[in-house]
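These notes are about the structure you will find just below.
Ligands are counted one by one from 1 in listed order, and the atoms in each one are counted from 1 as well.
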Amino acid sequence: MPAKPAQAIIIGAGPGGLASAILLASAGVQVKIFERLPVAGGRTSTIEADGFKFDLGPTFFLYPRILDEVFRAAGTSLQAEVPMVRLDPQYRIQFGTGGLIDATPDLARMEQQITALFPSDAAGFRRFISENRTKLDAMQPCLENPFIGWKSVLNLRLLKLLPMLHPTESVDTYLKRFFKDERVRLAFCFQSKYLGMSPFRCPSLFSILSFIEYEYGVWHPLGGCGAVSVAMTRVAQRLGVEIHLGQPVQEILFAGRRATGVRTETGSHHADAVVVNADFARAMERLVPDRLRRRWTDTKLARKKYSCSTFMLYLGVEGRFDLPHHTIHIANDYVRNLGDIEDRHVLSDDPSFYVQNACVTDPGLAPAGHSTLYVLVPTTHQHPNVDWSKERGRFRDLALRQIAKAGYGNLEKRIRFERVITPADWDQKYEIYRGATFNLAHGLDQVLHLRPNNRFEDLDRVYIVGGGTHPGSGLPVIFESARISTRLLLRDLGVPSELAHTPNTSHTETVGDPAAYAAAH
Ligand SMILES: Cc1cc2nc3c(=O)[nH]c(=O)nc-3n(C[C@H](O)[C@H](O)[C@H](O)COP(=O)(O)OP(=O)(O)OC[C@H]3O[C@@H](n4cnc5c(N)ncnc54)[C@H](O)[C@@H]3O)c2cc1C
């Protein structure tokens, strides 16, 4: 008689949960996902209303290789599942102090852009690209492998890497080796906001973020990043994964410290292993009794550092805008704005912001002659200093005034659809601890083995995937977390699988060019 297949339950159908489901089901594990919301995708889902479609969260799709490899484990490919466009310009970055850069992956044109702003900095660009290519190559094993305890840190090639990583430097300090002008540096370090951090605090190893954009592209999946979640759901279901939407997990069941399943309103569900994709800190508080935890008790969670949050405005607007797909506006007093977010926990009068005008690339996201505008303003995570029930309306008006600086003026009368999400909404409606949209912060005290481990150290047969574990927040590394955690799970359950034994090594870019996508669809 064939052995009974191993059973895994995944809590949450975010990108981390869906990627884990695909990998486990491809290895022959019986997988059930329980998702509290009525749709899959988590923060990477779509808001759809009145003919408008917006991404709820991610809009920058970077480094497609990892998701492609996840799809390949299931016998398909990213190219076959999701049409994508590589953006050029990747984004416009405009400075409150004056000047702008239309960031392009064409190196010669990018040098011209830098020259227009600060001529002597142009020479640093290719040096930056070349040094960070070497750095990413050297870092790859650290990003693709689990970190369990100090031993794994000391064992790994990480020690050899230290001189290259400049561990005591922030991204901004590191960039001073290449660029004198503050604005040019900002063009290569604002990406630390992807981790919800200030570039003045974000460790310099994350300079690879902007490098990855230039080297591997900034992509727009047609239909938005939410379309990626739809494709992942489809592939998971094709493999036999059961996805139970609208069914929050109420608790993880244990025999001692060992997880044996979960409880939902429909009853108890047995599993050999439980994968937690729900926001890490919130899931611990809600689903695991405090007495079972050692390193991540409620008290210790409360003392950890968390990323910033975001105030969101989704606007369906009459008219089209001949403006770039992505615009990042850096506040006039950027340092003060960051201090407001991370130290003083107050709302700025002149905040930095980001606007996505996706219809310029993907007109199908809005009815004919209309546009979707997605506005993101980084703010403090939930803090007693800010009462969003009082600030919501005022801050919405401020956000509208701010985006006029990027060419989106006089919108009020043309707005046909509007939705606001505040940090309090992220906290209460989306179950994100303190509304910290990018999870635990990524300072050196909270990365590698100092993050909640992929094979969760406080419990048995519990694995963490998503932005709350190693390597961190952001779609490519979230997909990587799914590969790391499922590899450990398969090994622990003794499931024979290529995935369980092969380290992730491929360095080739497997995603074709936009023309190939267009041809395929
Ligand atoms: C506004 C914003 C912009 C972002 N922009 C980018 C970007 O441009 N590029 C990028 O790469 N990344 C971006 N990110 C970061 C990150 O990639 C996404 O947040 C990503 O969706 C996180 O994936 P995840 O798998 O960790 O968790 P989530 O997407 O949060 O998924 C977790 C799932 O668990 C579910 N859940 C929670 N509790 C329970 C429970 N008790 N029972 C069952 N289910 C539960 C949730 O409903 C959710 O569906 C952005 C994030 C935000 C919020």
Side-chain angles (χ1 to χ4, degrees), residues 9-21 32-45 47 54-64 66-67 91 191 193-196 209 212-213 218-221 224-226 228-229 232-233 243-252 262-265 274-288 307-314 326 328 354 356 374-379 421 423 425-426 429-433 435-440 464-469 472-479 481-482 485:
I9 285 179
I10 301 177
I11 306 174
L18 290 169
S20 304
K32 285 185 191 160
I33 303 183
F34 291 98
E35 165 56 54
R36 63 179 281 274
L37 294 174
V39 290
R43 284 167 244 192
T44 309
S45 55
I47 296 176
F54 306 86
D55 275 320
L56 172 66
T59 54
F60 277 61
F61 195 81
L62 304 178
Y63 208 48
I66 300 176
L67 181 58
Y91 43 80
Q191 294 79 356
K193 266 282 157 265
Y194 300 167
L195 303 173
L209 289 176
I212 283 171
E213 294 175 345
V218 174
W219 298 80
H220 172 74
C225 287
V228 172
S229 299
M232 293 178 80
T233 305
I243 305 182
H244 301 273
L245 298 176
Q247 282 201 43
V249 168
Q250 294 164 336
E251 62 172 320
I252 301 179
V262 304
R263 191 167 56 76
T264 70
E265 63 191 9
V274 173
V275 178
V276 179
N277 177 224
D279 183 76
F280 170 75
R282 180 55 53 82
M284 287 302 121
E285 259 188 357
R286 292 256 203 273
L287 308 181
V288 181
S307 79
C308 71
S309 187
T310 56
F311 176 91
M312 311 293 302
L313 197 50
Y314 308 89
H326 300 297
I328 294 117
Y354 155 71
Q356 187 210 35
Y374 161 124
V375 182
L376 181 159
V377 186
T379 62
I421 294 182
D425 296 326
W426 287 122
K429 295 188 185 152
Y430 291 91
E431 291 287 10
I432 296 171
Y433 191 85
T437 37
F438 308 96
N439 279 287
L440 285 158
I464 313 287
V465 293
T469 184
S473 179
L475 289 173
V477 284
I478 285 170
F479 298 136
S481 79
S485 300

Checking contacts here: is it the side chain or the backbone of [X] that comes within 4.0 Å of ligand 1, counting heavy atoms only? Could be both or neither.
X	answer
F280	neither
Y430	neither
V249	both
E431	neither
R282	neither
F34	backbone

Numbering as shown, the atoms of ligand 1 that approach [X] to under 4.0 Å (heavy-atom distance):
X	result
T310	1 (C)
G474	11 (O), 12 (N), 17 (O)
I11	40 (C), 42 (N), 43 (C)
L37	47 (O)
G42	29 (O), 31 (O), 48 (C), 49 (O)
T437	53 (C)
M312	1 (C)

Once you round to the nearest 0.5 Å, how far does [atom1] of [X] lie from [atom2] of [Y]?
X	Y	atom1	atom2	answer
L67	L18	CG	CG	10.0 Å
N277	I33	CG	CD1	8.0 Å
R263	F34	CZ	CZ	12.5 Å
Y314	Q356	OH	CD	10.5 Å

Does the side chain of [X] reach to within under 4.5 Å of the side chain of [Y], using non-hydrogen atoms?
X	Y	value
W426	R43	yes
T379	S309	yes
H244	T264	no
I421	L56	yes
Y63	L475	no
I252	I11	yes
F60	E213	yes
V465	S481	yes

Short N/O distance, under 3.5 Å, between [X] and ligand 1?
X	value
E35	yes
R43	yes
N277	yes
G16	yes
Y374	no
W426	no

Tell me, which protein residue and heavy-atom name are nearest [atom], and how many Å apart are they?
atom	value
atom 34 (O) of ligand 1	G12 CA, 3.3 Å
atom 38 (N) of ligand 1	A278 CB, 3.3 Å
atom 50 (C) of ligand 1	F438 CE2, 3.5 Å
atom 39 (C) of ligand 1	R36 CD, 3.6 Å
atom 20 (C) of ligand 1	T44 OG1, 3.4 Å
atom 9 (N) of ligand 1	F60 O, 3.0 Å
atom 14 (N) of ligand 1	P58 CG, 3.6 Å
atom 26 (O) of ligand 1	G467 N, 2.8 Å

### Query
Nearest heavy-atom pair of Q191 and L209: which atoms, and what distance?
O-CD1, 3.6 Å
### Message
Give me the atom names and distance for the closest heavy-atom approach of F311 to P423.
### Response
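Answer, listing the atom of F311 first, then P423: CA-CD, 4.4 Å.
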### Summary
Out of I432, I478, N439, the nearest non-hydrogen contact to atom 22 (C) of ligand 1 is supplied by I478
#### Entry: Candidate with minimal heavy-atom separation from atom 10 (C) of ligand 1, of T264, L475, I464, T469
L475
### Task
Check if Q250 has a non-hydrogen atom at a distance under 4.0 Å from any atom of ligand 1.
no
Has [X] got a side-chain atom pairing as donor or acceptor with [Y]'s backbone, closer than 3.5 angstrom?
X	Y	answer
S485	A482	no
T44	P15	no
Y354	Y374	no

